[in-house]
Amino acid sequence: MKRAERIKHILNNFDKESYRKNLIHWFKEEQRILPWRENQDPYRVWVSEIMLQQTRVDTVIPYFNHFMDKFPTPDALAQADEQEVLKAWEGLGYYSRARNLQNAVREVVSEYEGVVPADAEELGNLKGVGPYTRGAILSIAYDIPEPAVDGNVMRVLSRILRVEDDISKQSTRKLFEGLVKELISDEDPSSFNQGLMELGALVCTPKTPSCMLCPVQEHCRAFDEGVETELPVKASKKKQKKSPYLLLLVQNEKGDVLIEQRPDTGLLASLWQYPMVPLEDIGHEAVANWFYGEYGLKVEVGESVDRIKHVFSHLIWEMEVIKVTVKEGTLDHERAIFIAPEDMEDYPFPVSHQKAHPHINR
DNA sequence: CAGACGTGGTC
DNA sequence: TGACCAAGTCT
């Protein structure tokens, strides 16, 4: 069945008007007070939407407040140093979001006189603004009835309408966008979209939804048929691959510590870290030799002081922390420097690496 | 489409 | 403890 046809079929006999009114009313009464809901400033909405991607509200709140203090306008963010932006993002994860956001804001400043576009195509062409964020900005900041389909929306609507498609597939997101287009209207599209998401966050939760408190229970086909916990359908993820590393706490005679900047693309791009030895390639015995080749310094490899595990979405670093002392030589490495431990706060560092920090002696 | 891309919380 | 998750986007 074609998508348009399916949408018509799914919404057959569904009381859109009543559903819409109930949801909007509930949202206006029960919505949480959140910093990005203080006003409709498109820049604030934008920043919040980027931060909230795959990230909990409680985690985002302090980052958002700090970020808006530091970069209150598109101009301020456009002019900032990229490392400064990454530092403000430190610990939030998915760092390409920060880089893309700044690139896109610079484009808004140069191409649109600093005004966030209220146009779907212009918005969607900005780096880091995908279908969801585009719809969120259009509806929340500009009251334009566009779908903003995230995980919450797919969970809520998969239950309301009993849609059993795998929500990890892109085509399924498009199906839900088509459904939202039919459900949303000129009547407060901002509250409608936010209500869908807020309902998913507060009531229609993944594990044990509070159906008895649900403002649209009467519209819910999954509840009616007792299958709400079976939805949404989602393919299981693959297990992460483990990679063992030696994490080197290298100190020179002054007590300064060696750190290096990661490549500008890929995992943790442009962030700083302690030197790491991939154990799959090198091996404990060969570390001193390998280190001399990489950094031009003769070192004494000390003992293991800690183990740190860092879990990513797609892989796991298992790091053994080793103390290393510089004996002689001059540092010869493009992206590595010695710094005083107390200056660590100037450099954006992945959080788990900072756990090694207390083991440094001055 | 599948896989890369973070981190902290929960059961 | 492992698995899944939390307001996705890019390649």
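Proteins come first, then strands; the chains are lettered A, B, ... in the order of their sequence lines, and each starts at number 1. All values reported here derive from a predicted model rather than from experimental measurement.
- The residue A/R99 sits apart from the nucleic acid: no heavy atom pair falls under 4.0 Å.
- Rounded to an integer number of Å, the gap from CG of A/L202 to P of C/dA6 is 12 Å.
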Each nucleotide of nucleotides 1-11 of chain B classed B (base within 4.0 Å of a protein heavy atom), S (only sugar-phosphate) or -, in 5' to 3' order, makes B-SSBBBB---

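- Using a 3.5 Å distance cut-off with no hydrogens or angles, the side chains of A/Q83 and A/W272 do pair a donor with an acceptor.
- Among the atoms of the strands shown, base atoms are found under 4.0 Å from some heavy atom of A/V57.
- Using atom C1' as the reference point in both C/dG8 and B/dC1, the two lie 16 Å apart (nearest Å).
- DNA chain B forms stems at B:2-5 with C:8-11, B:7-10 with C:3-6, each a run of 3 or more consecutive Watson-Crick or G-U wobble pairs whose two key distances fall under 3.5 Å.
- Among A/I140, A/L138, A/I144, the single residue meeting the side-chain contact (heavy atoms from CB on, under 4.5 Å) criterion with A/S190 is A/I140.
- Within the nucleic acid shown, A/L34 comes within 4.0 Å of at least one base atom, counting heavy atoms only.
- Residues passing the side chain to side chain contact (heavy atoms under 4.5 Å, CB included) test with A/K28, sequence neighbours excluded: A/I24, A/D188, A/S191.
- Scored by the side-chain hydrogen bond (donor to acceptor under 3.5 Å, both in side chains) test, A/S168 finds A/D166 as partners (sequence neighbours excluded).
- Spacing between atom CD1 of A/I167 and atom P of C/dG8 amounts to 10 Å, rounded to whole angstrom units.
- Here the straight-line distance linking atom CG of A/L92 with atom CD1 of A/I50 works out to 11.0 Å at 0.5 Å rounding.
- Protein atom CG of A/N100 is 12 Å distant from nucleotide atom C1' of C/dG8, rounded to whole Å.
- Side-chain proximity of A/T133 to the nucleotides C/dC5, C/dA3, C/dG8 is greatest for C/dG8.
- Between A/D264 and A/R335 a salt bridge is recorded (basic side-chain N to carboxylate O distance below 4.0 Å).
- Candidate nucleotides C/dG2, C/dC5, C/dG8 were compared by shortest atom distance to the side chain of A/P206, and C/dC5 ranks first.
- Between the side chains of A/T133 and A/Q53, at least one donor N or O lies within less than 3.5 Å of an accepting N or O.
- Here the separation of B/dG8 from C/dT9, taken at their P atoms, is 22 Å to the nearest Å.
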Donor-acceptor pairs are to be reported for all side-chain atoms of residues 315-322 of chain A against protein atoms at under 3.5 Å, with residues two or more places apart or in another chain.
{"residue": "A/E320", "atom": "OE1", "partner": "A/H284", "partner atom": "NE2", "Å": "3.1"}
{"residue": "A/E320", "atom": "OE2", "partner": "A/S304", "partner atom": "OG", "Å": "3.2"}

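- With salt bridges taken as basic N to acidic carboxylate O contacts below 4.0 Å, none links A/E177 and A/K181.
- Using a 4.0 Å heavy-atom criterion, one finds that A/R37 contacts the bases of the nucleic acid, with or without backbone contacts as well.
- Between C/dG2 and B/dC5, the two P atoms lie 23 Å apart (nearest whole Å).
- By the criterion of side-chain heavy atoms lying less than 4.5 angstrom apart, applied directly or through intervening Ile, Leu, Val, Met, Phe, Trp or Tyr residues, A/V250 is grouped together with A/L279 in one hydrophobic cluster.
- Listed by residue number, the members of residues 64-73 of chain A with any heavy atom below 4.0 angstrom from DNA chain C form an empty set.
- Going from the C1' atom of C/dC5 to that of C/dT1 covers 16 Å, rounded to whole Å.
- Note that CG of A/L101 is 5.5 Å distant from CH2 of A/W89, once rounded to the nearest 0.5 Å.
- Residue A/W317 is classed as having no contact, given no heavy-atom separation below 4.0 Å to the nucleic acid.
- Between C/dT11 and B/dG6, the distance separating the two P atoms is 13 Å to the nearest Å.
- Regarding A/K239, its NZ atom lies at a distance of 8 Å from the P atom of C/dG2, rounded to whole Å.
- A donor-acceptor pair shorter than 3.5 Å can be found between the side chains of A/Y132 and A/E49.
- Note: NZ (A/K127) to P (C/dT11) measures 9 Å, nearest angstrom.
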